[in-house]
**Q** 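I have a structure I would like to understand better, so I am pasting it below and will then ask my questions one at a time.
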Protein chains: 2
Amino acid sequence: MRLTTKGRYAVTAMLDLAFHSQIKPVTLTDIAARQTISLSYLEQLFARLRRAGMVKGVRGPGGGYKLCRKASDINISEVIAAVDEPLDSTKCGGEANCQKDKACLTHNLWMGLSEQIRNYLEGISLADLLEKNQVQEIAQRQHHDAQQAIEIYRHPE
Amino acid sequence: MRLTTKGRYAVTAMLDLAFHSQIKPVTLTDIAARQTISLSYLEQLFARLRRAGMVKGVRGPGGGYKLCRKASDINISEVIAAVDEPLDSTKCGGEANCQKDKACLTHNLWMGLSEQIRNYLEGISLADLLEKNQVQEIAQRQHHDAQQAIEIYRHPE
DNA sequence: TAATAGTTGACTATTTTGCTAGGTTAAGTA
DNA sequence: TACTTAACCTAGCAAAATAGTCAACTATTA
């Protein structure tokens with residue numbers, strides 16, 4: 001899992017869509033204006049989101065985009081995965097010649113971290129974000145949980 | 001906090017260094033050969049790591065690089081921070097005109113996530129990684145902890 | 001002094017990112 | 001039917017990031 005501005009753009013746009021599309025479809029032009037993202041770039045992002053089955057386009061006047069599923073059933077992880085290229089799996093793609101090398105330790109760390117981030121983002125839906133504005137507070141609580149996890153990591157049992 | 005291949009290269013190299021520099025300094029040529037990273041790219045990365053006070057170069061025959069601190073006192077977070085550019089702080093850099101806009105929710109999410117990842121990586125030192133090879137097992141345990149954090153997030157109290 | 005190895009800077013190639021410009025197609029509306 | 005709207009599609013482009021090369025220079029050690 002990579003974390004770049006591209007994914008952030010996608011999440012921003014999806015949040016805007018989830019917030020505004022409750023009555024009727026939302027045009028990309030509107031999202032572009034509200035979020036200051038270029039229209040054509042949004043089109044590219046939404047082409048991927050559509051192919052991933054997360055949004056549906058409605059053509060013609062009064063058309064636009066709407067969510068395929070409920071906002072509570074779309075998590076941040078899949079939004080990012082939809083727009084990001086599936087990045088090459090770190091040279092040693094499970095090759096046998098890798099285990100002997102110390103380099104693979106790093107590989108494992110990264111896999112573990114990726115997994116951790118993915119899980120974290122999978123647990124947060126678009127609806128979660130729209131419902132509660134006190135993200136700071138939540139981050140604080142999760143910070144605390146993370147510290148506990150680290151304790152367990154360092155001193156098992 | 002961004003997650004790119006650049007950071008992964010840096011961590012890989014630092015791990016290699018921590019592992020091999022216990023007796024004498026390690027040349028970048030050696031690291032380049034072992035980790036299949038180009039020498040000059042490593043030079044660029046180590047220039048930053050040196051400026052960040054994490055490694056020290058020893059010139060002349062028998063020279064190379066060594067760690068400034070113990071491997072247990074160098075965490076993954078600072079390695080990545082040293083080589084990554086400090087990324088522009090998301091348009092609304094704490095501006096007042098931002099709070100009104102729904103876009104800032106996304107911003108907050110990202111800040112929270114960055115914080116989470118940073119904390120996670122701060123809790124892992126180079127020594128931690130070298131000591132235990134069972135990263136999978138650890139990832140498993142942390143996965144479990146992450147799930148608990150998500151539960152708390154969704155159902156506070 | 002000669003060899004080693006860090007240090008520095010300039011330069012190149014590739015990929016990703018973000019965006020522009022131009023179309024085509026489907027669905028409403030006059 | 002003609003017109004408008006907006007999705008959908010394609011090609012291309014400039015800036016940045018990524019990854020790497022080459023060459024000169026400096027400090028250290030043998």
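Throughout, a chain's letter reflects where its sequence line sits, starting with A, and its residues are numbered from 1. FYI, side chains are in, hydrogens and waters are out, and symmetry mates aren't considered; it's all heavy atoms of this structure.
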**Q** Looking at the side chain of A:Pro61, which of C:dA27, C:dT17, C:dT8 is the nearest nucleotide?
**A**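 Closest nucleotide among those given: C:dA27.
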
**Q** Is there side-chain contact between A:Arg8 and A:Thr5, with heavy atoms separated by less than 4.5 Å?
**A**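 The answer is yes; the side chains approach within 4.5 Å.
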
**Q** Rounded to whole angstrom units, what separation is found between the CZ atom of B:Arg59 and the P atom of C:dG6?
**A**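 Going from CZ in B:Arg59 over to P in C:dG6 covers 9 Å.
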
**Q** On DNA chain D, compare the nucleotides closest to A:Ala47 and B:Ser38; which residue's is nearer the 5' end?
**A**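 Mapping each residue to its closest nucleotide by heavy atoms, the 5'-most match is A:Ala47.
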
**Q** Side chains of B:Lys6 and B:Leu45: closer than 4.5 Å at any heavy-atom pair?
**A**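 B:Lys6 reaches B:Leu45 side chain to side chain.
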
**Q** 5'-most contact on DNA chain D: A:Arg51 or A:Gly63, nearest heavy atom basis?
**A**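 Here A:Gly63 is the residue nearer the 5' end.
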
**Q** Could you give the CG-to-P distance, from B:Leu28 to C:dT8, as a whole number of Å?
**A**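 Whole-Å distance recorded here is 13 Å.
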
**Q** Tell me the interatomic distance from A:Leu39, atom CG, to C:dG23, atom P, rounded to whole angstroms.
**A**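 Spelled out: CG on A:Leu39 to P on C:dG23 is 16 Å.
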
**Q** Starting from C1' on C:dT16, measure out to CD on A:Gln44 and report it in whole angstrom.
**A**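 So the two atoms are 11 Å apart, to the nearest Å.
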
**Q** Which whole-number value in Å describes the distance from A:Lys56 NZ to C:dA27 C1'?
**A**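 Rounded to the whole Å, the gap is 12 Å.
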
**Q** Is the phosphate of C:dT7 approached by B:Tyr65 (side-chain N or O, under 4.0 Å from OP1 or OP2)?
**A**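 Affirmative; the distance criterion is met.
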
**Q** Which label fits A:Tyr65 and A:Phe46: parallel for a plane angle under 30°, tilted from 30 to 60°, or perpendicular past 60°?
**A**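 Because their plane-to-plane angle lies in the 30° to 60° range, the rings of A:Tyr65 and A:Phe46 count as tilted.
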
**Q** Under the salt bridge (Lys or Arg N to Asp or Glu O under 4.0 Å) rule, collect the residues that match up with B:Arg69, sequence neighbours excluded.
**A**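 Applying salt bridge (Lys or Arg N to Asp or Glu O under 4.0 Å) to B:Arg69 gives B:Glu78.
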
**Q** Treat each ILVMFWY residue as a node, draw an edge where side-chain heavy atoms are under 4.5 Å apart, and state whether B:Leu28 and B:Tyr41 are in one component.
**A**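 Yes, it is one cluster - the side chains of B:Leu28 and B:Tyr41 are joined through contacts under 4.5 Å.
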
**Q** Using whole Å, report how far CZ of B:Arg50 lies from P of C:dA5.
**A**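 Interatomic distance, CZ of B:Arg50 to P of C:dA5: 18 Å.
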
**Q** Indicate, with a heavy-atom threshold strictly under 4.0 Å, whether A:Phe46 touches base, sugar-phosphate, or nothing.
**A**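 Touches nothing.
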
**Q** Please report the closest heavy-atom contact between A:Val26 and A:Asp30, naming both atoms and the distance.
**A**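 Residues A:Val26 and A:Asp30, closest heavy atoms: CG1-CB, 4.2 Å.
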
**Q** OP1 or OP2 of C:dG6 sitting under 4.0 Å from any side-chain N/O of B:Thr27?
**A**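 B:Thr27 to C:dG6 OP1/OP2: no side-chain N or O under 4.0 Å.
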
**Q** Whole angstroms only, please: what is the OH-C1' distance between B:Tyr41 and C:dT8?
**A**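 After rounding, the gap between these two atoms is 18 Å.
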
**Q** May I have the distance from B:Lys24 (atom NZ) to C:dT4 (atom C1'), rounded to whole angstrom?
**A**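 Computing the B:Lys24:NZ to C:dT4:C1' distance gives 12 Å.
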
**Q** Taking B:Asp16 for the side chain and B:Ala13 for the main chain, is one N or O donor matched with an acceptor at less than 3.5 Å?
**A**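 Judged by distance alone, no pair lies under 3.5 Å.
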
**Q** Check every nucleotide of DNA chain D for an atom under 4.0 Å from a heavy-atom of chain A, then give the first and the last such nucleotide from 5' to 3'.
**A**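 Both ends considered, the range comes out as D:dT4 to D:dC9.
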
